[in-house]
Amino acid sequence: METIKVQFTGRIEEEAILLAAKCLRQGGLVAFPTETVYGLGADALNKEAVAGIFRAKGRPQDNPLIIHVADWNLEPYVTHVPEKAKALMERFWPGPLTVILPKTSLVPEETSAGLSSVGVRMPANETARRIIAALGHPVAAPSANLSGKPSPTNFDRCVEDLDGKVDMILGDGQSIVGLESTIVDYSIDPPRLLRPGFVTYEELLEVDGRILYEEALTRVGEKEAPRAPGMKYRHYAPKAPLTVIVGSPEKREEEMERRITEAVEQGKRVGVLAAREQEAAYALKGVEFQSYGSAKNPAEIARNLFEALRRFDDLEVELIYAEGIDESGVGRAVMNRLKKAAGYRLIEV
Ligand code: TXA
Ligand code: MG
């Protein structure tokens with residue numbers, strides 16, 4: 001298939017928005033920007049179109065999609081919005097928050113992967129909202145990566161993964177958040193945080209103090225099935241095995257240096273992921289250093305993380321060491337993705 005590719009450099013082009021909406025209306029697939037990561041969209045109410053998403057990504061069939069809306073009328077899609085869920089939407093929408101609610105029969109089983117609930121999000125990105133509004137239906141969209149790879153945060157990574165597999169790829173620059181949305185499940189009581197994101201657990205609790213979070217429930221391979229079906233799959237992973245080092249800054253640096261030196265001595269090509277401030281400390285021959293941003297700025301680290309992981313694939317490193325960061329605020333989401341990328345290979349010093 002010939003993929004139409006359009007990149008905005010400044011102004012959003014109405015013509016391209018209308019073309020994207022036309023592709024979606026005809027049952028096609030369109031990769032588009034959002035503030036979190038790029039999404040691979042289809043008309044959420046068209047089950048054949050939605051099936052195409054699973055094929056293009058190589059996504060397991062039992063992993064439900066979230067639907068993206070551009071206005072506040074959710075009535076056609078969800079049976080009930082609890083008061084606190086409404087309060088969360090009012091505070092964080094449009095933005096990087098997905099709320100899971102009981103769905104109506106208008107949302108096909110293909111979209112929700114057979115579940116009776118559906119995740120709903122109103123993105124802040126204007127390109128995304130204009131496409132959804134032009135279609136006039138919600139857009140079902142997972143992240144626009146091939147299944148298993150880190151989510152794409154720019155146009156080029158979407159092209160790398162999806163060129164020839166989708167009808168259109170639309171870009172408007174780098175995703176400003178860089179990690180997938182925070183997901184809160186309100187189809188159960190008490191509600192649960194299923195995926196930490198840029199909207200932090202602390203911020204959620206300010207609105208609804210009942211929200212539970214257990215990191216173990218989001219882990220791959222735990223005995224109890226994870227609540228978000230997608231959590232059980234290996235995610236965000238670079239090709240080379242990744243190990244995360246956590247602990248106090250001094251001990252971390254010591255352990256990183258020791259391991260990097262050892263690997264280099266064994267003739268391995270080592271990838272190192274750490275704060276910009278650490279670059280000099282880890283500068284060794286045979287080391288590919290990728291900065292994830294400043295140690296003082298977890299939002300910057302969130303924005304850079306997935307692209308840095310994907311660069312290690314380009315660089316064909318054989319193993320990767322990453323320095324962990326503090327788990328408060330946005331740091332919780334960063335560490336959640338980093339640990340998943342590492343398949344939970346974690347060293348505490
Ligand atoms: O920021 C985002 O959320 C991006 C952009 C494109 O909006 N989308 C995204 O979608 O990350 P995806 O499919 O890559 O991740 C959605 C996650 C999956 O882990 C899925 O299992 C979970 O949400 N999920 C979706 N519907 C659910 C439901 N009804 N109940 C529980 N988990 C659900
Ligand atoms: Mg994804």
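The first residue of the sequence shown is numbered 1, and numbering continues consecutively from there. Excluded from the calculations below are hydrogen atoms, water molecules and symmetry mates; all remaining heavy atoms, backbone and side chain alike, are included. Counting starts at 1 for both ligands and their atoms, following the listed order.
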Heavy atom under 4.0 Å from ligand 1: found in Ala141's side chain, backbone, both, or neither? backbone
If the plane angle is over 60° it's perpendicular, under 30° parallel, otherwise tilted; pick one for Phe32 and His68. perpendicular
Just to verify, which of Glu307, Gln174, Glu160 counts as forming a side chain to side chain donor-acceptor pair (under 3.5 Å) with Asn154? Glu307
Under the salt bridge (Lys or Arg N to Asp or Glu O under 4.0 Å) rule, what do Glu126 and Arg130 come out as? Steps first, then yes or no, please. CA-CA 6 Å; Glu126 203 192 328; Arg130 281 180 51 183; 3.6 Å; yes
N/O/S atom of Ser143 inside 2.8 Å of the Mg ion (ligand 2), strictly under: yes
Taking the basic N atoms (NZ, or NE/NH1/NH2) and the acidic carboxylate oxygens, is any pair closer than 4.0 Å for Arg269 and Glu316? no
For the pair Thr79 (side chain) and Lys103 (backbone), establish whether a donor and an acceptor sit closer than 3.5 Å, ignoring hydrogens and angles. no
Of Arg121, Arg337, Lys340, which meets salt bridge (charged side-chain N to carboxylate O under 4.0 Å, His left out) against Glu180? Arg337
Which of the numbered atoms in ligand 1 are under 4.0 angstrom from any heavy atom belonging to Ile183? 17 (C), 23 (O)
Any idea which of Ala113, Pro152, Ser143 brings a heavy atom closest to atom 9 (C) of ligand 1? Ser143
Run the contact test for Ser112 against ligand 1 with a 4.0 Å cut-off on heavy atoms, strictly below, and give the result. no
State whether the shortest distance between N or O atoms of Asp185 and N or O atoms of ligand 1 falls below 3.5 angstrom. no
Which of the numbered atoms in ligand 1 are under 4.0 angstrom from any heavy atom belonging to Arg195? 2 (C), 3 (O), 9 (C), 11 (O), 15 (O), 16 (C), 17 (C)
One should read off an interatomic distance between Leu18 CG and Leu135 CG, to the nearest 0.5 angstrom, of 11.5 Å
Numbered atoms and elements of ligand 1 in range of Leu115, under 4.0 angstrom, heavy atoms: 28 (C), 29 (N), 30 (N)
Please name the residue in the list Glu279, Arg311, Arg310 that meets the side-chain contact (heavy atoms from CB on, under 4.5 Å) test with Gln290. Arg311
More than 12 foreign heavy atoms under 6.0 Å from CD of Glu2: is that the case here? no
Any N or O of Ser181 closer than 3.5 Å to N or O of ligand 1: yes
Ligand 1 atoms in contact with Ser117 (distance to a heavy atom under 4.0 Å): 28 (C), 29 (N), 30 (N)
Thr34-ligand 1 polar pair, N/O distance under 3.5 Å: no
In plain terms, say whether Lys268 and Glu318 are close enough for a salt bridge, that is, a side-chain N and a carboxylate O under 4.0 Å apart. no
For ligand 1, which part of Arg59 has a heavy atom less than 4.0 Å away: the side chain, the backbone, both, or neither? side chain
Proximal atoms of ligand 1 relative to Asn63 (non-hydrogen, under 4.0 Å): 18 (C), 20 (C), 21 (O)
Taking N or O atoms only and a 3.5 Å limit, does Arg121 qualify as a polar contact for ligand 1? yes
Are any of the N or O atoms of His68 closer than 3.5 Å to those of ligand 1? yes
